[in-house]
Visitor: 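Structure below; questions to follow.
Nothing fancy with the numbering, it's 1 onward along the sequence. These numbers come from a predicted model, not from an experiment.
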Amino acid sequence: TKGHLKLLKVLLKSSPSQIAFLLQLEAGLLSKGGAHVKKSSAYLQSFYDLDLVEEQSITKWYTLPTEDNAVRVAAKPFLDWLENADEESE
């Protein structure tokens with residue numbers, strides 16, 4: 001709902017909070033496995049489109065060390081899209 005979206009925007013205002021959110025999302029997707037991991041790109045796209053997470057936070061999260069990179073591998077198409085969109089806007 002719109003109320004939840006407003007609350008999330010307040011909670012995810014800073015880059016550190018966005019990165020923490022992405023790390024928790026990643027952990028949740030890994031715990032669910034399978035289809036949830038495969039949808040990582042779509043989830044990131046949705047959060048980005050809703051202005052909940054910024055490009056800088058996504059790219060920082062993506063470069064952090066991880067023990068299981070399944071979510072990041074699945075999210076790679078979105079990261080590639082972000083990079084290409086950024087290059088096109090320059």
Visitor: Side chains of Trp61 and Glu26: donor-acceptor distance under 3.5 Å anywhere?
Guide: yes

Visitor: If hydrophobic residues (ILVMFWY) are linked whenever their side-chain heavy atoms come closer than 4.5 Å, directly or via other members, who joins Leu7 in its cluster?
Guide: Leu11

Visitor: Locate the shortest heavy-atom distance separating Pro77 from Ala74; write the atom from each residue and the value.
Guide: CD-O, 3.3 Å

Visitor: Please report the shortest heavy-atom distance between Tyr48 and Glu55, naming the atom on each side.
Guide: CE1-N, 3.9 Å

Visitor: Under the criterion side chain to side chain contact (heavy atoms under 4.5 Å, CB included), which of Leu30, Leu22, Leu25 is the partner of Val71?
Guide: Leu30

Visitor: Verify, without hydrogens or angle tests, whether Gln18 (side chain) and Glu54 (backbone) share a donor-acceptor contact under 3.5 angstrom.
Guide: yes

Visitor: Tell me, please, which residues at least two apart from Lys76 pass side-chain contact (heavy atoms from CB on, under 4.5 Å).
Guide: Tyr62, Asp80

Visitor: What's the shortest heavy-atom distance between Ser41 and Ala75, and which atoms?
Guide: OG-O, 3.5 Å

Visitor: Using atom types as modelled and distance alone, determine if a side-chain donor or acceptor of Arg72 lies under 3.5 Å from a backbone N or O of Leu64.
Guide: yes

Visitor: Looking at every heavy atom in both Ser14 and Ser17, which two are closest together, and how far apart are they?
Guide: O-OG, 2.8 Å

Visitor: For residues Thr66 and Leu23, determine if any side-chain heavy atom of one lies less than 4.5 Å from a side-chain heavy atom of the other.
Guide: no

Visitor: Linking I/L/V/M/F/W/Y whenever any side-chain heavy atoms sit under 4.5 Å apart, do Leu50 and Tyr43 land together?
Guide: yes

Visitor: Give, for atom CG of Leu29 and atom CG of Asp68, the distance between the pair rounded to the nearest 0.5 Å.
Guide: 11.0 Å

Visitor: Apply ring-ring contact (aromatic ring centres under 6.0 Å, His included) to Phe47 and list each qualifying residue two or more places apart in sequence or on a separate chain.
Guide: Phe21

Visitor: If I compare all heavy atoms of Ile19 with all of Lys60, which pair ends up nearest, and what's the gap?
Guide: CD1-CG, 3.3 Å

Visitor: Nearest 0.5 Å please: distance from the CG atom of Asp51 over to the CG atom of Leu5.
Guide: 8.5 Å

